[in-house]
Amino acid sequence: MLIASGMRINIRQIEAFRAVYSTGSMTLAGELMGVTQPAVSRLIRDLEAAVGFLLFERRGNRLTTTADAAALYREVERSFRGIDSIAAAAAALRGRREGDLRIAASFAPSFYCLPPAIAAFRAAWPGVKPTLRTRSSPEVLNLVALHQCDLGVAAVPAGVAGVDIETLAVLDVVCVLPAGHSLARHKVVRPEHLAAAPMFMIGEPSPLQQRIGKVFEAAGIRPRVVFESSYSGPICALVAQGRGVAVLEPLTAYAHRHLGLVFRPFEPVIQYELQAIYPAGQPREERTKAF
């Protein structure tokens with residue numbers, strides 16, 4: 001209900017006036033609005049009573065508009081154009097909140113970071129369907145650089161062509177020990193402490209693994225590697241069984257704390273940088289920035 005200068009006008013009356021003015025017929029206006037001709041006539045009578053002047057005149061079987069009706073119609077159309085603009089803006093906003101969000105991520109963030117983030121995103125953006133492709137870090141880079149994914153999450157080197165990189169978190173690599181292990185007495189574990197220990201290591205030459213290898217090499221220590229895996233999860237499970245020790249990225253390590261593992265800082269410090277990866281030079285959609 002619109003109340004101005006004592007007038008009580010509702011939107012249904014304005015819709016009836018607009019329909020009658022544009023069709024020149026109470027009957028056609030009723031069909032346009034999905035109501036009967038008598039209902040339209042009643043709405044027009046109520047509107048005329050509210051505004052205090054005649055809007056339409058009957059001349060035989062014809063319905064003619066008054067000069068006042070023409071002036072009122074111009075104001076009504078101006079208002080409805082504003083409503084149409086609002087509706088168009090709302091439709092555009094809704095369009096940005098619908099569709100797909102293609103994510104590529106390496107193993108650790110896929111398993112231990114992204115599930116709660118995806119759940120929170122789905123609650124805030126229910127019209128967007130996220131998809132997750134779990135790959136090695138180099139494959140994540142390729143998927144994003146080739147525009148096959150909107151966003152990547154992985155630990156990758158800086159200065160890679162074809163992508164823009166934003167740091168999400170910087171964490172320190174840790175030494176992972178079974179409960180009760182003798183090395184747990186150290187507040188910090190160094191390469192020389194691990195010289196004789198059976199070690200589990202990542203077998204694939206990732207940038208992080210290369211940095212770990214260089215630290216041992218600089219200390220003159222050749223690790224006694226008894227098991228290799230392409231993923232840290234099995235390594236954590238074997239450490240928990242007391243079969244050896246490991247130096248690992250912290251996401252997977254801490255995710256397995258329920259196994260009773262012991263964590264110690266590793267020195268020299270090796271940083272694990274988790275990054276968001278975007279196609280280079282591309283504007284980021286609202287859904288991507290929100291995620």
Side-chain angles (χ1 to χ4, degrees), residues 104-113 134-143 145 152-161 163 165 167-178 181-257 259 261-277:
S106 56
F107 291 96
S110 286
F111 285 107
Y112 308 119
C113 295
T134 301
R135 299 288 190 272
S136 66
S137 294
E139 289 174 310
V140 170
L141 280 173
N142 287 335
L143 288 170
V153 182
V156 296
V160 179
V163 296
I165 293 175
T167 298
L168 297 174
V170 179
L171 306 169
D172 293 340
V173 163
V174 294
C175 182
V176 185
L177 307 167
H181 196 279
S182 60
L183 289 177
R185 71 180 186 276
H186 297 287
K187 291 184 178 180
V188 174
V189 174
R190 297 182 174 86
E192 54 267 28
H193 296 143
L194 301 172
M199 290 196 67
F200 307 138
M201 298 191 79
I202 299 296
E204 296 185 1
S206 68
L208 177 63
Q209 200 57 38
Q210 290 174 9
R211 296 207 305 273
I212 293 173
K214 288 179 180 178
V215 165
F216 278 94
E217 184 179 341
I221 304 295
R222 184 174 182 178
R224 184 184 157 208
V225 180
V226 298
F227 174 75
E228 289 186 347
S229 172
S230 59
Y231 172 54
S232 303
I235 290 178
C236 290
L238 284 170
V239 171
Q241 294 177 23
R243 307 290 182 174
V245 302
V247 176
L248 297 175
E249 48 82 11
L251 291 184
T252 305
Y254 292 145
H256 288 81
R257 65 173 72 246
L259 298 178
L261 298 171
V262 175
F263 308 109
R264 291 291 180 268
F266 182 75
E267 290 185 355
V269 172
I270 302 170
Q271 291 185 328
Y272 172 81
E273 296 188 18
L274 190 64
Q275 288 127 347
I277 308 156

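Position 1 is the first residue of the sequence, and the numbers go up from there. Everything numeric in this text was worked out from a predicted model, so none of it was measured.
- Contact detail for Cys113 and Leu251: the closest heavy-atom pair is SG-CD1, 3.7 Å.
- The CG atom of Asn142 sits 11.0 Å away from the OG atom of Ser137 when rounded to the nearest 0.5 Å.
- Proximity of Val247 to Met199: side-chain heavy atoms (C-beta onward) are separated by under 4.5 Å at one or more points.
- Taking 4.5 Å as the limit, every side-chain heavy atom of Leu183 sits out of range of all side-chain heavy atoms of Val262.
- Between the CG atom in Leu208 and the CD atom in Glu273 there is a gap of 10.5 Å [rounded to 0.5 Å].
- In terms of the ring pair (Phe, Tyr, Trp, His ring centres under 6.0 Å) criterion, residue partners of Phe227 (sequence neighbours excluded) are, by chain and number, Phe200.
- Every residue was checked against the side-chain hydrogen bond (donor to acceptor under 3.5 Å, both in side chains) condition with Gln271, not counting sequence neighbours, and none meets it.
- The side-chain heavy atoms of His186 and His193, taken from C-beta on, include a pair separated by under 4.5 Å.
- Residue Thr252 comes nearest to Ala108 through the heavy atom pair OG1-CB, 3.5 Å, listed as atom of the first residue, atom of the second, then distance.
- Ring-plane geometry between Tyr231 and Phe107 is classed as tilted, the angle between the planes lying from 30 to 60 degrees on a 0 to 90 degree scale.
- Side-chain atoms of Asp172 and Phe266, non-hydrogen and from C-beta on, never get closer than 4.5 Å to each other.
- You'll find the side chain of Ser232 reaches within 4.5 Å of the side chain of Ile202, heavy atoms only.
- Side-chain contact between Leu274 and Val153: present, with at least one pair of heavy atoms (C-beta onward) separated by less than 4.5 Å.
- Taking every heavy atom of both residues into account, Val215 and Pro268 meet most closely at CG1-CD, 3.5 Å.
- One finds the CZ atom of Arg211 at 14.0 Å from the CZ atom of Phe216 (value rounded to the nearest 0.5 Å).
- Looking at heavy atoms from C-beta onward, Leu194 lies out of side-chain contact with Pro223 at the 4.5 angstrom threshold.
- Residues Cys236 and Leu261 approach most closely at O-CD2, 3.8 Å, considering heavy atoms.
- The salt bridge (charged side-chain N to carboxylate O under 4.0 Å, His left out) search around Arg135 returns none, not counting sequence neighbours.
- Here Ile165 contributes atom CD1 and Leu141 contributes atom CG; the two are 6.0 Å apart, rounded to the nearest 0.5 Å.
- A side-chain donor from one of Ser136 and Glu139 sits under 3.5 Å from a side-chain acceptor of the other.
- Not counting sequence neighbours, the partners of Glu267 by the salt bridge (charged side-chain N to carboxylate O under 4.0 Å, His left out) test are Arg190.
- Of the possible donor and acceptor atoms, none in the side chain of Arg264 sits under 3.5 Å from a partner among the backbone N and O of Cys175.
- For Tyr272, there are no ring pair (Phe, Tyr, Trp, His ring centres under 6.0 Å) partners at least two apart in sequence or on another chain.
- The side chain to side chain contact (heavy atoms under 4.5 Å, CB included) test with Phe263 singles out one residue from Leu177, Leu248, Val176, and that residue is Val176.
- Side-chain atoms of Gln275 come within 3.5 Å of backbone atoms of Val156 as a donor-acceptor pair (strictly under, hydrogens ignored).
- Residues meeting the ring pair (Phe, Tyr, Trp, His ring centres under 6.0 Å) test with His181, sequence neighbours left out: none.
- Between Ser106 and Ala155, the shortest heavy-atom distance links the atoms OG-N, 4.4 Å.
- Pairing each heavy atom of Ala240 with each of Leu259, the nearest pair is CB-CB, 3.7 Å.
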